[in-house]
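Reading through the structure tokens given below for one structure.
Throughout, a chain's letter reflects where its sequence line sits, starting with A, and its residues are numbered from 1.
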Amino acid sequence: CCSETTPVNHRRSRTKFTQDQLKILIKAFDKNPYPGYATKQKLALEANTEESRIQIWFQNRRARHQKKSEPDEDLESSQDQDHLEEEIQSREDRRSRTNYTSLQLHALIEAFSNNPYPGFDSREQLAKEIGVPESRVQIWFQNRRSRFHAQRKSIEATQNGPSLSISCLIFPEPEQ
DNA sequence: GCTAATCTAATCACCTTCTAGGTGATTAGCACATTAGC
């Protein structure tokens, strides 16, 4: 069901943060490793970069930070409480939902059927075409793939193994 | 080797519409996710 017309599947080029940008980000991370959308936008403005890059930086930083830091009982009580409160606050501060029009959805679904793993250039082109940020297109594809996988699994479970009827739910894995 | 970019899976949160299903946003990743550019 998926065409072979795969566009150039390049990643986004690596962002090289300057020392000044890192200083801003690290300071913000130490204050709250789970910033809300407004904070991330503010940081993006301050560091002169995109909000989506700020989000990725915090994700990676949290992953590395958690690996390094051992559980420290001494700090747990008060600091955890602070972090919990900050986390709850940040969760109130999500990005507002993107409401796609039927035309936008049509374009997304068509692009997905052609290539469920579009590279940065393809995502950006599609984003321009439908008038949404590239980062929203990336999220849409992530959710779409994830729900396709889940749907496929659930069908396999009910049918006790793969069958022809779900062939359209199978799409190629990303290129190495 | 460090780390930005990317992935899946699980979960949260909101909307539509009637209580649950659909879906965008966010998060973790555990013998501590993987991939890949610099």
Span that lies between the [atom1] atom of [M] and that of [N], in whole angstrom:
{"N": "dA36(B)", "M": "dA31(B)", "atom1": "C1'", "value": "24 Å"}
{"N": "dC38(B)", "M": "dC32(B)", "atom1": "P", "value": "28 Å"}
{"N": "dG29(B)", "M": "dT6(B)", "atom1": "C1'", "value": "13 Å"}
{"N": "dA5(B)", "M": "dA9(B)", "atom1": "P", "value": "23 Å"}
{"N": "dT23(B)", "M": "dC2(B)", "atom1": "P", "value": "42 Å"}
{"N": "dT35(B)", "M": "dC18(B)", "atom1": "C1'", "value": "45 Å"}

Phosphate-side-chain proximity, [X] and [N], N/O vs OP1/OP2 below 4.0 Å:
{"X": "Arg97(A)", "N": "dA13(B)", "answer": "no"}
{"X": "Ser146(A)", "N": "dA10(B)", "answer": "no"}
{"X": "Trp140(A)", "N": "dG24(B)", "answer": "yes"}
{"X": "Tyr37(A)", "N": "dA13(B)", "answer": "no"}
{"X": "Arg147(A)", "N": "dT23(B)", "answer": "no"}
{"X": "Lys16(A)", "N": "dT3(B)", "answer": "no"}
{"X": "Arg64(A)", "N": "dA4(B)", "answer": "yes"}
{"X": "Ser13(A)", "N": "dA5(B)", "answer": "no"}

Has the side chain of [X] got a donor or acceptor atom sitting under 3.5 Å from an opposite partner on the base of [N]?
{"X": "Arg12(A)", "N": "dT6(B)", "answer": "no"}
{"X": "Arg11(A)", "N": "dT35(B)", "answer": "yes"}
{"X": "Arg94(A)", "N": "dC12(B)", "answer": "yes"}

Could you tell me which nucleotide pairs with [N] by Watson-Crick or G-U wobble geometry, both distances under 3.5 Å, or answer none if nothing does?
{"N": "dG22(B)", "result": "dC14(B)"}
{"N": "dA9(B)", "result": "dT27(B)"}
{"N": "dC2(B)", "result": "dG37(B)"}

* Search all heavy atoms of Leu105(A) against all heavy atoms of Tyr100(A) and return the closest pair with its distance. =>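 The answer is CG-CB, 3.7 Å.
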
* Asked: For the residue pair Leu25(A) and Ile54(A), what are the closest heavy atoms and their distance?
  ->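 Nearest pair, atom of Leu25(A) first, then Ile54(A): CD2-CD1, 3.5 Å.
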
Round to the nearest Å and state the distance from [X] atom [atom1] to [N] atom [atom2].
{"X": "Asn32(A)", "N": "dT27(B)", "atom1": "CG", "atom2": "P", "answer": "10 Å"}
{"X": "Gln21(A)", "N": "dT3(B)", "atom1": "CD", "atom2": "C1'", "answer": "15 Å"}
{"X": "Gln151(A)", "N": "dT8(B)", "atom1": "CD", "atom2": "P", "answer": "15 Å"}

[X], nearest nucleotide to its side chain (from [options]):
{"X": "Asn143(A)", "options": "dG24(B), dT8(B), dC38(B)", "answer": "dG24(B)"}
{"X": "Tyr117(A)", "options": "dG24(B), dT8(B), dA5(B)", "answer": "dT8(B)"}
{"X": "Arg62(A)", "options": "dA28(B), dC7(B), dA36(B)", "answer": "dA28(B)"}
{"X": "Gln55(A)", "options": "dT6(B), dC2(B), dT26(B)", "answer": "dT26(B)"}

* Where does the angle between the aromatic ring planes of Phe58(A) and Phe29(A) fall among parallel (under 30°), tilted (30 to 60°) and perpendicular (over 60°)? ->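 Correct class here is tilted.
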
Which part of the nucleic acid, if any, lies within reach of [X] when heavy atoms closer than 4.0 Å are counted: base, sugar-phosphate only, or nothing?
{"X": "Gln138(A)", "value": "sugar-phosphate"}
{"X": "Arg95(A)", "value": "sugar-phosphate"}
{"X": "Arg144(A)", "value": "nothing"}
{"X": "Arg136(A)", "value": "sugar-phosphate"}

* Any donor-acceptor pair under 3.5 Å from Arg123(A) side chain to Glu134(A) backbone ->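 A pair under 3.5 Å: no.
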
* To do: Using modelled atom types only, decide if a donor and an acceptor are shared between the side chain of Gln104(A) and the backbone of Ile130(A) within a distance under 3.5 Å.
  =>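 Confirmed, Gln104(A) side chain pairs with Ile130(A) backbone.
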
* Structure fact -> Residue pair Asn99(A)/Gln142(A) against DNA chain B: nearer the 5' end by closest nucleotide is Gln142(A)

* Asked: Nearest nucleotide by nearest heavy atom, which residue falls closer to the 5' end of DNA chain B, Asn60(A) or Arg145(A)?
  -> Asn60(A)

* Pairing of Glu46(A) and Lys27(A) as salt bridge, 4.0 angstrom limit ->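 Salt bridge flag = no for Lys27(A) with Glu46(A).
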
* For the atom pair CZ (Arg53(A)) and CD (Gln55(A)), what is the distance rounded to the nearest 0.5 Å? -> 9.0 Å

